[in-house]
Amino acid sequence: MAGIHAYHRTLLLAVLGLLFFIFECRVVTADQCTAGAGPPSAPTRPQLTGDQTVEGSLTAQTAQIYELQADPGDYVQGSITGKQLQLVLCDSTGKSIRVLAKGLRANQDFRFVVGNKGPYQLKVTGPVSENFRLHLNQLIPENERGTTEPVLESPQLRALQQTLAQGGSTDSFWEEVEKQGAPLIEQQGVLPPLAEDERLVTFLWRGARQRVKLFSAPSGDHDEMQRLGKSDVWFGSYRVPRTARIGYKLAPDIPQLKGSFWERRRAILATAQHDPFNDHFFPADAVDQFDGESVVELPDAPSQPWIVRNGKNPAGKVERQTFTSQILGNKRDLFIYRPPHFKPASKEHNLLIVFDGERYVDDVNVPVMLDNLIAAGKIAPTVAVLISNPSSESRSAELPCNPLFARFLAEELFPWIQGRQLGTDRKQTMIAGASYGGLAAAYAGLTHPELFGKVYSQSGSFWWSPRSTPDKSEVEPEWLTRQFVSAPIKYPVHFHLEAGLFESNPRGGGSILGTTRHLRDVLQARGHAVTYQEYASGHGYYYWRYSFPDGLLRLLGTDQD
């Protein structure tokens with residue numbers, strides 16, 4: 001027994017010794033900067049300054065110390081290469097100020113700002129014999145920091161920057177912009193280089209007293225534009241897919257207000273306007289420079305032939321009616337599209353129900369799309385009922401997963417449609433919408449799959465949860481997605497979801513792009529039929545009008561397998 005206890009004591013002492021050795025190797029004390037290396041002021045120590053590299057050889061448990069030639073406030077950045085090496089910054093008394101490298105990797109970067117207790121030393125040490133390489137990449141004096149002009153991505157702006165540095169003006173630059181238009185679209189000479197499928201888009205504004213913001217895409221937010229030095233050039237550069245379509249406004253000198261977050265944020269609408277160097281805007285009949293938005297299509301943006309009226313195709317009829325809902329306690333307009341040569345008794349037609357009806361009639365131009373697709377034989381004759389909103393307030397209350405609105409669809413609207421012989425089989429019935437309307441369409445597919453066999457959501461607001469807002473979610477987000485996780489599948493429903501690559505800005509706990517991808521995955525995991533599409537686009541009717549024919553073909557197309 002005594003032998004066993006002696007063995008245990010020996011083992012314990014060995015473990016403690018090993019731990020002490022590791023502790024000594026990893027922890028730097030105030031005395032380590034001077035241990036084994038002489039007094040701090042020893043004149044034989046090598047000196048380091050500026051862009052310099054030293055190489056040395058270290059014996060286990062010894063140190064190499066270098067004098068750092070730097071002034072208070074200097075920014076120092078460098079690296080040390082070698083296995084298990086520690087690098088310590090020491091002050092003029094030899095006291096350890098900071099451990100710059102702990103020996104965790106063979107290549108270690110460090111950076112620090114020089115204090116006022118110099119001259120300082122850099123001490124290299126380690127537990128084993130090792131060759132090392134100590135390199136100072138940068139040593140920038142305090143009075144030179146932040147004075148270097150940024151490297152601009154745009155080659156045209158870099159050329160202008162050089163012109164200004166030589167005492168020139170911006171006049172020639174603006175003359176060229178006036179000729180070629182804005183934004184700038186560049187491929188060659190961009191820094192760093194673009195990927196093959198990218199282009200650099202640079203938005204411009206001339207002159208402003210304080211600042212300029214870019215409103216909407218490509219970020220989907222309110223982005224601060226940069227000023228080129230002290231010139232009259234304000235700019236914002238974005239790398240986007242070469243297939244992109246972009247809608248945007250420019251907002252100079254936005255009023256600075258007191259008040260709530262939303263009051264201050266919405267102040268951008270006071271000055272947001274078309275780009276004065278861009279003649280393309282949406283809608284095309286905008287009443288003034290503040291109406292609608294400027295638009296730009298990159299050369300490889302996919303064509304969309306179905307949105308332009310073809311005079312050779314027969315046109316359907318659009319009827320406007322007022323509908324009164326007892327369940328919702330309000331009235332609204334309905335737009336009813338009947339295709340050419342419509343035969344209600346045959347029931348061989350499709351039925352399309354769309355939210356935000358006035359916008360889909362005027363801005364998306366659904367009747368023209370249906371005329372073209374039906375005439376080309378791409379879809380069967382299709383009746384459309386486009387539902388308008390009594391007000392913006394009612395839209396915000398009714399469309400986001402409202403059980404009363406779902407009852408309105410099932411108990412009031414649908415019987416009205418059937419009574420006019422506009423209805424058809426659920427497998428040929430499609431419900432569609434965008435944003436809150438896309439959320440409402442998916443909710444209708446969840447609550448009434450016996451009515452809607454097809455659901456089309458454009459940029460659905462799937463971040464939504466009860467009591468949530470676009471900027472803040474008071475509860476767990478993605479309420480509807482969580483309902484689909486456990487909901488039984490009573491009837492097969494085909495979902496077609498889409499989102500824009502520029503819709504990655506978080507809202508209420510998640511971005512439209514991210515939450516749409518999540519819903520897609522949940523629906524597929526639950527066994528629903530799901531198709532999905534992403535576009536190099538953002539949030540708005542300018543984008544949705546280009547993708548809506550694709551959704552019709554996906555769900556109603558005659559060429560489907």
Side-chain angles (χ1 to χ4, degrees), residues 183 185 197-199 201 216-220 238 240-249 274-275 278-286 291-310 313 337 352 354-376 378-379 382 384 386 430 432-438 441 455-461 496-504 512-513 516 531-557 559:
I185 300 175
D197 61 348
E198 288 183 322
R199 298 295 181 267
V201 178
S216 191
S219 73
Y238 297 82
V240 301
R242 65 186 187 185
T243 57
R245 286 185 169 93
I246 303 171
Y248 67 99
K249 282 185 174 182
H274 296 173
D275 184 343
N278 185 352
D279 294 332
H280 303 284
F281 42 86
F282 176 82
D285 58 352
D291 183 32
E293 59 186 349
S294 293
V295 297
V296 58
E297 294 185 4
L298 270 63
D300 291 331
S303 62
Q304 185 51 273
W306 308 113
I307 66 176
V308 180
R309 178 169 293 283
N310 185 335
N313 295 336
Y337 166 89
L352 169 64
V354 188
F355 300 123
D356 295 308
E358 69 283 0
R359 300 299 301 272
Y360 272 85
V361 170
D362 295 337
D363 296 335
V364 180
N365 217 350
V366 166
V368 169
M369 295 178 189
L370 293 175
D371 289 343
N372 291 336
L373 290 168
I374 292 169
K378 295 296 184 180
I379 63 174
T382 300
L386 300 103
M430 170 179 163
S435 195
Y436 270 164
V455 171
Y456 179 21
S457 173
Q458 295 189 285
S459 303
S461 300
H496 180 62
L497 310 178
E498 70 178 49
L501 296 176
F502 302 150
E503 297 186 280
S504 57
I512 285 178
L513 179 61
T516 302
T531 51
Y532 178 75
Q533 184 68 49
E534 292 180 357
Y535 298 90
S537 61
H539 196 81
Y541 291 97
Y542 166 65
Y543 306 109
W544 299 327
R545 70 193 296 258
Y546 282 96
S547 57
F548 197 76
D550 296 340
L552 294 175
L553 290 169
R554 288 273 191 168
L555 294 176
L556 302 178
D559 295 335

Atom [atom1] of [X] and atom [atom2] of [Y]: how far apart are they, to the nearest 0.5 Å?
X	Y	atom1	atom2	result
Leu555	Met430	CG	CE	5.0 Å
Tyr238	Phe502	OH	CZ	10.5 Å
Glu358	Asp363	CD	CG	9.0 Å
Leu553	His496	CG	NE2	9.5 Å
Leu552	Thr382	CG	OG1	7.5 Å
Asp275	His280	CG	NE2	11.0 Å

Quiz item: What residues, two or more places apart in sequence or in another chain, satisfy salt bridge (charged side-chain N to carboxylate O under 4.0 Å, His left out) together with Asp356?
Solution: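 Checked Asp356 against salt bridge (charged side-chain N to carboxylate O under 4.0 Å, His left out); matches are Arg395.
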Self-check item: With Arg245 via salt bridge (charged side-chain N to carboxylate O under 4.0 Å, His left out) - residues at least two apart
Solution: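 So Arg245 forms a salt bridge (charged side-chain N to carboxylate O under 4.0 Å, His left out) with Glu297.
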Quiz item: Taking only residues two or more places apart in sequence or in another chain, which ones pass side-chain hydrogen bond (donor to acceptor under 3.5 Å, both in side chains) with Asn310?
Solution: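 With neighbours one apart ignored, the set is empty.
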Quiz item: What residues, two or more places apart in sequence or in another chain, satisfy side-chain hydrogen bond (donor to acceptor under 3.5 Å, both in side chains) together with Ser547?
Solution: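 Gln458, Glu498.
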Counting C-beta onward and ignoring hydrogens, is there a side-chain heavy-atom pair between [X] and [Y] closer than 4.5 Å?
X	Y	answer
Val201	Pro218	no
Thr516	Tyr532	yes
Ile185	Val296	yes
Ile379	Ile374	yes

Looking only at heavy atoms, what is the nearest atom pair of [X] and [Y], with distance?
X	Y	answer
Leu298	Pro241	CD2-O, 3.4 Å
Gly460	Ile512	O-CG2, 3.7 Å
Ala301	Ala244	CB-O, 3.9 Å
Val295	Gly247	CG1-CA, 4.2 Å
Pro183	Tyr248	CD-OH, 3.4 Å
Asn372	Pro305	ND2-O, 4.3 Å

Residues in side-chain contact (heavy atoms from CB on, under 4.5 Å) contact with [X], at least two apart in sequence or another chain:
X	value
Ser504	Leu513
Ala384	Tyr337, Leu352, Leu370, Leu386
Gln304	Trp306, Ile307, Tyr546, Pro549, Asp550
Asp300	Arg199, Arg242, Thr243

Practice problem: Return yes if some donor-acceptor pair links the side-chain N/O of Lys249 with the main-chain N/O of Asp291 below 3.5 Å, else return no. | Solution: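 Pair absent, no side-chain N/O of Lys249 close to backbone of Asp291.
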Quiz item: When you measure from the side chain of Ser537 to the backbone N and O of Tyr543, does any donor-acceptor pair fall under 3.5 Å?
Solution: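 Not at all, since once roles are kept as given, no pair shorter than 3.5 Å links the two residues.
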Exercise. Quick one: which residue pairs count as a salt bridge (charged side-chain N to carboxylate O under 4.0 Å, His left out) with a foot in residues 531-544, not counting sequence neighbours?
Key: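 Found Arg517-Glu534.
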Quiz item: Would the Phe355 and Tyr436 ring centres measure less than 6.0 Å apart?
Solution: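 No.
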Quiz item: Quick one: ring pair (Phe, Tyr, Trp, His ring centres under 6.0 Å) partners of Tyr541, sequence neighbours excluded?
Solution: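 So Tyr541 forms a ring pair (Phe, Tyr, Trp, His ring centres under 6.0 Å) with Tyr360, Trp544.
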Quiz item: Can you check side-chain contact (heavy atoms from CB on, under 4.5 Å) on Ser459 and Ser435, steps first, answer last?
Solution: CA-CA 5 Å; Ser459 303; Ser435 195; 5.6 Å; no
Practice problem: Quick one: do Val364 and Arg359 satisfy side-chain contact (heavy atoms from CB on, under 4.5 Å)? Show the steps, please. | Solution: CA-CA 7 Å; Val364 180; Arg359 300 299 301 272; 5.8 Å; no
